[in-house]
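Comments concern the structure below.
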Number of protein chains: 2
Amino acid sequence: MTNRLEDLLSTLQAAATLEDLQAVLESLRDHYKVEHTVYHWVNSVGERYGAGTYSAEWVDRYLEKDYLRMDPVIFGCFQRFTPVSWKELDWSSKAAREMWQDALDHGLGNQGYTIPIRGPNGQFALFTLNASLSDEDWAQFIDDNARDLMILGHEFNKKALEFEQWGEDGSTPALSPRELASMSCLARGMSRAQAAAELNISEHTLRVYIESSRHKLGAMNTTHAVARALSAGIIII
Amino acid sequence: MTNRLEDLLSTLQAAATLEDLQAVLESLRDHYKVEHTVYHWVNSVGERYGAGTYSAEWVDRYLEKDYLRMDPVIFGCFQRFTPVSWKELDWSSKAAREMWQDALDHGLGNQGYTIPIRGPNGQFALFTLNASLSDEDWAQFIDDNARDLMILGHEFNKKALEFEQWGEDGSTPALSPRELASMSCLARGMSRAQAAAELNISEHTLRVYIESSRHKLGAMNTTHAVARALSAGIIII
DNA sequence: CGCGACCTCGCTATTTATGGGGAGTTTTAT
DNA sequence: ATAAAACTCCCCATAAATAGCGAGGTCGCG
């Protein structure tokens, strides 16, 4: 077993292009004898990268129907820490059930297992296996392979991140200490007056810091600046 | 090797109290023959829980000196996805170097390896090994054990979350879809007028969502609400 | 020594956000 | 079926943030 994992990981390490990653997913599918293997990287703005063995029709339909906004897999994984078998998710909403039926009609198997992978800057990716198996067989399969899959998912994500700068330019502008302190106060809910008092400076001086932070961060307003500072990890609430 | 990992994981699975977790960390330290093993956990509000084999003196000093706010390990891991060996971090600032010397004086080894672990609701934990080894030996050690450590770190975090004695209030209030969309627009820098246009609603309706979001999130103002939503991981920029 | 970056303070005017009222329909859940 | 929650709209007055003009001191770097 471990040998196979090592083989898969070496193939992954050797990947040099996005096409190689696609090929890795296909060999994973064949190795685990499942219907589909998928990796996709999600963010709310709509930028995304996906690779996997889903049919082009299903992918198109998924995007067309905007299933991203209702998919219990996305929603569920976003709110949990551990990998999840699809049947554990909440399919109670009507929209979700319709989507599920639609998926089955497009060649997806009845079982799924998705590993949420989180990184800095709100990076969030999903690594998914989809198969047609009985509940028992699927549970056994997961039990046997959960750890390997976690390693694979994380290594895959690491590799995917190497290729492109998903986190935009990657060069987070450096804020001065006072600017960081100002952003931090605002992020913790202080008004300008309170933050100025906290930092023992005049409110006007604080304003100068906020302004300069905004410009450095390329933000439209204070809220935006604080949001960017948080996302960039340069301040922590 | 794998057998040892399985042993460690069974011990971890059997843990029933926080004291057991502490004991697991100690046996991990002994097993890997390192100076220290540490797990610490940060939640969206900034409360922290830590367990590990550091001396009480060092923990006290760390808290007293507020090293949390400057520790390159914390900061570095917060901004990266992959585990990191301490020497790769940025120790250029004077405060960081002083802290490093202080740490050595308090019995820490010269090498460290920290795995950042992220979960829902902005959950963020660090799993750390600290040792006294040459750079080469340490690199070899990491090379040999990186995957096992990742599994261990994630399993440890999973176990720690099960207890949830310190994270009970971590239940982030659920925002409605429109509230989330409003927060998301604001986080991306839109003014209220722009966000209202984006969502095809009146500016007043948008205000209602912002207000209700603020109340649900316990925020003092819009910026605070957006910051909390981001930290909680319920929106992404 | 000058240059730039950082830190500090003040003024005025305009735009925007906030806080308090209310009121109706639709969707979801019990 | 009925209640709860979510979604949508409107007015008014005040508080706060933004944009523009300034000025002067400290510190490190080449």
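What's counted below: heavy atoms across the whole structure, side chains too, no hydrogens, waters or symmetry copies. Keep in mind the model is a prediction, meaning the values are calculated, not measured.
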query = With distance as the sole criterion, is a donor-acceptor pair present between the side chains of A/Ser182 and A/Arg178 under 3.5 Å?
reply = no

note = note: A/Arg214, atom CZ; C/dT16, atom P; distance rounded to Å ~ 12 Å

ask   = Could you state the CD-P distance from B/Glu211 to D/dA6, rounded to the nearest angstrom?
value = 15 Å

Under 3.5 Å between N/O atoms: give me all the protein pairs with nucleotides 25-30 of chain D, atom names plus distance.
none

inquiry  = Once rounded to the nearest 0.5 Å, what's the spacing between atom CZ of A/Arg147 and atom CE of A/Met150?
reply    = 9.0 Å

key: For B/Glu203, all residues meeting side-chain hydrogen bond (donor to acceptor under 3.5 Å, both in side chains), sequence neighbours excluded   = none

inquiry  = Can you tell me how far apart CG (A/Leu129) and CG (A/Asn145) are? Round to the nearest 0.5 Å.
reply    = 8.5 Å

task = Answer whether the closest heavy-atom distance between the side chains of A/Thr37 and A/Phe127 falls below 4.5 Å.
result = no

ask   = Of B/Ile115, B/Ile74, B/Ile117, which is the lone residue that meets side chain to side chain contact (heavy atoms under 4.5 Å, CB included) with B/Leu126?
value = B/Ile74

request  = State, to 0.1 Å, how close B/Asn110 and B/Leu104 come at their nearest heavy-atom pair, and which atoms those are.
outcome  = CA-CD2, 4.2 Å

Whole-Å gap separating P (C/dT16) and CD1 (A/Ile210) = 18 Å

inquiry  = Output the rounded distance in Å from NE2 (A/His215) to C1' (D/dT18).
reply    = 10 Å

Could you run down the sub-3.5 Å N/O contacts of the protein with nucleotides 7-17 of chain D?
| unit_1 | atom_1 | unit_2 | atom_2 | d |
| --- | --- | --- | --- | --- |
| D/dC7 | OP1 | B/Arg178 | N | 3.3 |
| D/dC7 | OP2 | B/Ser176 | OG | 2.3 |
| D/dC7 | O3' | B/Tyr209 | OH | 3.4 |
| D/dT8 | OP1 | B/Arg178 | NH2 | 3.1 |
| D/dT8 | OP2 | B/Arg178 | NE | 2.8 |
| D/dT8 | OP2 | B/Tyr209 | OH | 2.3 |
| D/dC9 | OP2 | B/Ser202 | N | 2.6 |
| D/dC9 | OP2 | B/Ser202 | OG | 3.4 |
| D/dC9 | OP2 | B/Thr205 | OG1 | 3.0 |
| D/dC10 | N4 | B/His204 | ND1 | 3.2 |
| D/dC10 | N4 | B/His204 | NE2 | 2.3 |
| D/dC11 | N4 | B/His204 | NE2 | 3.3 |
| D/dA17 | OP1 | A/Arg192 | N | 3.4 |

ask   = For B/Gln111, does its backbone N or O pair with a side-chain atom of B/Asn130 as donor and acceptor, under 3.5 Å?
value = yes

query = Within less than 4.0 Å of OP1 or OP2 of D/dA5, is there a side-chain N or O belonging to B/Lys216?
reply = no

